[in-house]
Amino acid sequence: MTRRLARPASALFLAVGVVAGCSTSTLEVKDPDILDPADYASATGANPLRFGVIQDFQNVYSGNANLESFVVVTGNVTDEMYSTDTFDDRLFPNARTMNDNLPAMDGFYRNLHRARSGATRAITVLKKVAPTPVQNIGELYGIRGFTETFFAEAYCSGVPFSEETDAGTQFGDPQTTAQVYTRALASFDSALASAGTDTRVQNLSRVGRARVLLNQGRFADAAAAVSAVPTNFVWATAHSTSSGRQENGVWNALAVPNSRYAIVNNEGTNGIAWLRTPADPRIPWSPSTRTGFNGSSRNLPDLLKYARTGSVVIASGIEARLIELEARLRGDTQADRDAVFAGLNTLRAGNTPAIAALAGSAPTVQAEAVSQFFEERAIWLYLTGHRLGDMRRLIRQYGRTAAQVFPTGNLPAPLAGTYGTDVNIPIPFDEKNNPKAAGGCIDRNP
């Protein structure tokens, strides 16, 4: 079957409603809920445009009733959750056997580009018609930086960045993962430069910059970037019950009857034990009798970390401290390992409620210290979209193999079969509409 080609998914889409052939004045009523392109190029329209970008970003990061979000998609590809669905869109990513024709994954890719492109357009508009307060522009740069970072952490090398301009679609060239990180760092640099005196925008920019620097292997630079971020800083999404589009998508994926996903414990070989008894305060859970969408996954545990209207952390001071500790760990001396071990216990003691200290003393073998650190980091940042990037870094920066990092062996019952070898997500088929990127992935390396 030949698949029909549409516009490239990496371009920004603007929907304009038109009633053809109608000239009756009764039908020419302006809908107050629709913002015309001419309207947002004004001081009055600048804030609605900005708010729309923020909502698009929140939806693609932590999701809504439509499920597919950065946190959920990457959690499914890694060992944070598994699919209790019956559709290939979710089963193949869980099994790490993805192809470029999975509609739900196409939608996620498109939505991530929509948030990125929307931020770019809004930045241009705000600079022209609403340049103050400057932190509004800084926040949009930060949003763009995070979307670019997400592309680099989740996807194979070769993602293009197309734009819709007044002249039409400007097709983007495929970007290597390294190029995408360079692009993201520039966005965060601009975010920090445009933060003004707003400490929230300053800190989200600093954590975003450090996250990119960490992915680039610039550990000392990453630690320096977050040195001024307070440990109690949190930048998170906001959700409500006003509509399905507003609720917490991670909760929706894991907590509703017949949910499409479930928490998984020790997934395959290498998977972390998330469901501990007693529960770790960072990953609260309780047993339940819920059944998954497939009807075969039963007694699914309830994740209590998120509620229907709960926030999902995007960047935090906890992440800042973990970045500093990882930079220290790179020193590869016993003094460094001791300092990191003490730092991890300091974070545990500072939690509310406090978490018991790690048993014993610091590992004396560097590989064991790295494993301990990344497990602690994984628990602190559980289901916040960090795990896939970290697993890829363990391969790229720490010399481990995919078989030592990702789940391997048999899929969890009632699923059948074994895990594949994917360590990132392929570029969707729809991107072949871009004549510059018709070849898809440049490579699938971590």
Side-chain angles (χ1 to χ4, degrees), residues 10-14 35-62 69-70 110-153 159 161-166 170 172 175 180-212 225 229 233-239 245-246 311-316 385:
S10 56
L12 171 66
F13 298 94
L14 295 175
L35 189 65
D36 291 334
D39 291 339
Y40 59 61
S42 67
T44 302
N47 264 339
L49 179 66
R50 180 171 66 90
F51 294 150
V53 172
I54 293 171
Q55 178 170 313
D56 284 345
F57 175 69
Q58 290 194 156
N59 284 340
V60 79
Y61 175 68
S62 53
S69 66
F70 184 72
R110 192 180 297 273
N111 289 337
L112 190 54
H113 270 300
R114 180 176 288 110
R116 173 197 62 82
S117 300
T120 298
R121 181 175 290 270
I123 288 166
T124 300
V125 172
L126 264 66
K127 283 183 174 180
K128 289 181 180 179
V129 302
T132 57
V134 68
Q135 62 263 28
N136 288 345
I137 297 173
E139 183 176 32
L140 289 172
Y141 272 121
I143 286 173
R144 190 175 75 180
F146 276 104
T147 60
E148 291 163 339
T149 303
F150 298 162
F151 275 115
E153 289 182 349
V159 175
F161 295 89
S162 302
E163 305 289 350
E164 285 291 336
T165 68
D166 292 339
Q170 302 298 309
Q175 304 287 297
V180 179
Y181 280 129
T182 298
R183 182 187 187 109
L185 187 60
S187 290
F188 285 123
D189 287 341
S190 296
L192 192 56
S194 301
T197 59
D198 190 296
T199 57
R200 182 182 66 94
V201 177
Q202 288 173 354
N203 289 327
L204 70 88
S205 304
R206 289 165 178 156
V207 176
R209 288 189 75 252
R211 182 168 175 169
V212 174
V229 178
F233 166 70
V234 173
W235 185 48
T237 60
H239 299 276
R245 185 169 168 77
Q246 299 296 326
S311 299
V312 181
V313 174
I314 306 166
S316 70

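Since the model is a prediction, treat every value here as computed from it, not as a measurement.
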Ile123 CD1 to Leu49 CG distance, which is reported to the nearest 0.5 Å: 10.5 Å
Side chain to side chain donor-acceptor pair (under 3.5 Å) assessment of Gln58 paired with Gln246: CA-CA 9 Å; Gln58 290 194 156; Gln246 299 296 326; 5.5 Å; no
Ala191 and Gly142: which non-hydrogen atoms are nearest, and at how many Å? CB-N, 3.5 Å
To the nearest 0.5 Å, how far apart are CD1 in Ile137 and CZ in Arg50? 10.0 Å
So Phe161 and His113, would you call those rings parallel, tilted or perpendicular, with 30° and 60° as cut-offs? perpendicular
Student check: side-chain heavy atoms of Ile54 and Glu139 closer than 4.5 Å: yes
Using ring-ring contact (aromatic ring centres under 6.0 Å, His included) as the criterion, list what pairs up with Phe188, not counting sequence neighbours. Phe146
Report the residues that fulfil side chain to side chain donor-acceptor pair (under 3.5 Å) with Thr149, sequence neighbours left out, ordered by chain and then residue number. none
Mark yes or no for whether Ser187, through its side chain, and Tyr141, through its backbone, hold a donor-acceptor pair below 3.5 Å. no
Which pair of non-hydrogen atoms, one from Asn111 and one from Arg114, has the smallest distance, and what is that distance? OD1-NH1, 2.6 Å
Sequence neighbours excluded - ring-ring contact (aromatic ring centres under 6.0 Å, His included) pairs with any residue from residues 118-140: none
Residue pair Trp235 / Val207, side-chain heavy-atom distance below 4.5 Å: no
With sequence neighbours excluded, tell me which residues meet side chain to side chain donor-acceptor pair (under 3.5 Å) with Lys128. none
Holding to side chain to side chain contact (heavy atoms under 4.5 Å, CB included), I want the full list of residues that pass it with Gln202, two or more places apart in sequence or in another chain. Leu192, Ala195, Thr199, Arg206
Which distance, rounded to the nearest 0.5 Å, do you find between the CD of Gln135 and the OG of Ser205? 11.0 Å
Interatomic distance, His239 atom NE2 to Ser311 atom OG [nearest 0.5 angstrom]: 6.5 Å
Under the side chain to side chain donor-acceptor pair (under 3.5 Å) test, residues paired with Ser190 that sit two or more places apart: none
When you measure from the side chain of Thr237 to the backbone of Val312, do you find a donor-acceptor pair of N or O atoms at a distance under 3.5 Å? yes
What is the distance from atom CZ of Arg211 to atom OH of Tyr181, rounded to the nearest 0.5 Å? 8.0 Å
Taking every non-hydrogen atom, the tightest pair across Ala119 and Ile143: CB-CG2, 4.4 Å
Between Arg116 and Ser162, the two heavy atoms sitting closest are NH2-O, 3.0 Å
Checking Tyr61 side chain against Val313 main chain: does a donor-acceptor pair fall under 3.5 Å? yes
Measure the CG-CG distance between Leu112 and Asp56 for me, rounded to the nearest 0.5 Å. 11.0 Å
Determine, stepwise, if the pair Ile314 / Phe57 fulfils side-chain contact (heavy atoms from CB on, under 4.5 Å). CA-CA 11 Å; Ile314 306 166; Phe57 175 69; 3.7 Å; yes
What closest approach, in Å, do Thr147 and Ala115 show between heavy atoms, and which atom pair accounts for it? CG2-CB, 4.1 Å
Ser69 and Asn59 have their tightest heavy-atom pair at CB-O, 3.9 Å
